[in-house]
2 protein chains.
Amino acid sequence: MYIAIEKNEVDSLELFAGLLPEQLEEVVAAAAGRRYHPGDVVFEQGQSAAHFFVLVRGRLRVTQVTSEGEQIVVRMVNPGDLFGIARALARHDYPGTATAVSDSCALCWPMRLWTEFMGRYPALAMHAMQAMGVRISEAHQRVRELSTEEVERRVAHAVLRLANQAGTKERDGLRIDFPISKQDIAELTGTTLHTVSRILTAWAGAGLVESGRQKLLVRDPHGLVMLADGLRPGLL
Amino acid sequence: MYIAIEKNEVDSLELFAGLLPEQLEEVVAAAAGRRYHPGDVVFEQGQSAAHFFVLVRGRLRVTQVTSEGEQIVVRMVNPGDLFGIARALARHDYPGTATAVSDSCALCWPMRLWTEFMGRYPALAMHAMQAMGVRISEAHQRVRELSTEEVERRVAHAVLRLANQAGTKERDGLRIDFPISKQDIAELTGTTLHTVSRILTAWAGAGLVESGRQKLLVRDPHGLVMLADGLRPGLL
DNA sequence: CGGATTGTTGAGGATACTCAAGTTAGGTGG
DNA sequence: CCACCTAACTTGAGTATCCTCAACAATCCG
């Protein structure tokens, strides 16, 4: 079952660094805590953006559906991340759908407090801006990969990022700590689940990963890095 | 020749909306004006990020070179745009190279003023955040296109965006108002100049565009929109 | 146990890339 | 002002990557 959101879990969020205790108090007091089970939808693409959020625990997947019905994964949301900040993106609706993939806890504020907090607490605004900057960089990195790299390298990059963000050490490698399907990886990398399946099967044969139904274990991160960098492993 | 940057050109920048006259005065007084000819480099990828900028007039192209030496166009910078805000991206070096493609004028501040201004003037911080939000949206749109659309549609989208941002009305269409090569369009869309050339030749045959050496005229924006939306023109 | 979701694998083919050769346009210098 | 040179572009041929279609297998859940 869920455990309550702990005060220190919230207080230690990087987003809130630089706030005075009483300011932090005020900001947190204005938030509602919310819990989500895997599969729960936090908000849906196109909905009027009534709230913005910080993920305290767990993991979310943000997706977009194109007008043709094709879906892409925009990003994974990790603990400490701001999400649903449509107002900051100069929008009144959510551009994507956020779905929990693990048991998750989030803090949630009415959107009108966004402008208010950002105006009142420069430290908060700076942190929010940093967070947006990171997202710009990540998006550009993805554009670069999609523009210049072949599928296998893109998948390698994506898997390495997942391992970095959500990898827990196990005896024989790094386990992605939430259920992730081949389709998810395909939607992260702009390919099809078929191609992902073939690639992961090949990698498993080479001892780089182990993958099962919504499971992924990275056995040889260094080998994957070589692949991601465009070097065939074993050619050294 | 260049004409000087006019006061009203600066004062009317959206970025500065909401500042009191004396605040605007202070911010602008801290800036240096700079001018660039086509081909001039404003800053280079990897350089320590000493300044941030606002483009007042003209047009820039921001590019990145991958470790393999492939280049992509990150974005075009249009009048009124912030650029070179590495600090906001949580970096100390410029992630790309900015090159003038038209005669351009920019305002330029030492980077340390970024944090200072953002802390001191919430209205400025909000506008900067909006601008970053727009860039996140644009980057995601590009990821979506690269992930789900075929080359011809991506090129159509890119050309339409260029026409929107830099199109001047002419008798028989919208002229892209700066020199743009097939290679540029290829680097905007993740393809090769060969493919772009073939596509534009086909489009010219269909009366959609006219294109020459670093020239591009959109004759039938609506037809391009149909292409971009995945409909074959003429199949209606 | 049965149904549904997820994943595997093969065959065939299309899109778009690479390689290659040549053409055009524009700028430069004599 | 013309000849030349380079950068930009065009076009063709061949092919590799990766997608689509299809059938089937494995896993999970109720």
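Note on naming: letters A, B, ... go to the chains in the order of the sequence lines (proteins, then strands), and numbering restarts at 1 for each one.
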Using whole Å, report how far CG of A:D184 lies from P of C:dT5.
15 Å
B:T97: which residues meet the side-chain contact (heavy atoms from CB on, under 4.5 Å) condition with it, sequence neighbours left out?
B:V41, B:E44, B:Q45, B:T63, B:T99
Output all residues satisfying salt bridge (Lys or Arg N to Asp or Glu O under 4.0 Å) with B:E70, sequence neighbours left out; order by chain, then residue number.
none
Reckon B:T201 has a side-chain N or O less than 4.0 Å from the OP1 or OP2 of D:dT11?
yes
Which whole-number value in Å describes the distance from A:I199 CD1 to C:dG7 P?
15 Å
To the nearest 10 degrees, how far apart in direction are the end axes of the helix from C:dC1-D:dG30 to C:dG30-D:dC1, each fit to five base pairs?
50°
Separation of C:dA21 C1' from B:L193 CG (nearest whole Å):
14 Å
Taking atom C1' of D:dA7 as reference, at what distance in whole Å does atom CD of B:Q183 sit?
12 Å
Close N or O pairs between protein and nucleotides 11-16 of chain C (under 3.5 Å):
residue : atom : partner : partner atom : Å
C:dA16  : OP1  : B:V151  : N            : 2.7

With respect to the phosphate group of C:dT6, does any side-chain polar atom (N or O) of A:S181 fall under 4.0 Å of OP1 or OP2?
no
Pairs satisfying side-chain hydrogen bond (donor to acceptor under 3.5 Å, both in side chains), at least one member in residues 174-183 of chain A, at least two apart
A:R59-A:D177, A:E170-A:R175, A:S181-A:D184, A:K182-A:S211, A:Q183-A:E187
Between CD of A:E68 and P of D:dC19 the distance, given in whole Å, is 17 Å
For B:R91, salt bridge (Lys or Arg N to Asp or Glu O under 4.0 Å) partners two or more places apart:
B:D93
Roughly, in whole Å, what's the span from CD1 in B:I180 to C1' in D:dA8?
14 Å
Listed by chain and number, what are the salt bridge (Lys or Arg N to Asp or Glu O under 4.0 Å) partners of B:E150, not counting sequence neighbours?
none
Check ion pair A:E138-A:R75 (N to O, under 4.0 angstrom)
no
Pair up each side-chain donor or acceptor in residues 155-165 of chain B with any protein partner under 3.5 Å, not counting sequence neighbours, and list the distances.
residue : atom : partner : partner atom : Å
B:H157  : ND1  : B:E149  : OE1          : 2.9
B:H157  : ND1  : B:R153  : O            : 3.3
B:R161  : NH1  : B:E145  : OE2          : 3.0
B:R161  : NH2  : B:E145  : OE1          : 3.1
B:Q165  : OE1  : B:N78   : ND2          : 3.2

Heavy atoms under 4.0 Å is the rule here; annotate nucleotides 23-30 of chain D 5' to 3' with B where the base is hit, S where only the sugar-phosphate is, and - elsewhere.
---BBS--
Can you tell me which residue pairs pass the salt bridge (charged side-chain N to carboxylate O under 4.0 Å, His left out) test with a partner in residues 190-205 of chain B, sequence neighbours excluded?
none
Distance, rounded to the nearest Å, where A:K182 contributes NZ and C:dT9 contributes C1'
14 Å
Set of residues satisfying salt bridge (Lys or Arg N to Asp or Glu O under 4.0 Å) with respect to B:R144, sequence neighbours excluded:
none
Expressed as a whole number of angstroms, how long is the span from B:Q214:CD to D:dT6:P?
17 Å
Can you name the nearest heavy-atom pair linking A:L200 to A:V209, along with the distance?
O-CG2, 4.0 Å
Under the ring pair (Phe, Tyr, Trp, His ring centres under 6.0 Å) test, residues paired with B:F53 that sit two or more places apart:
B:F43, B:F83
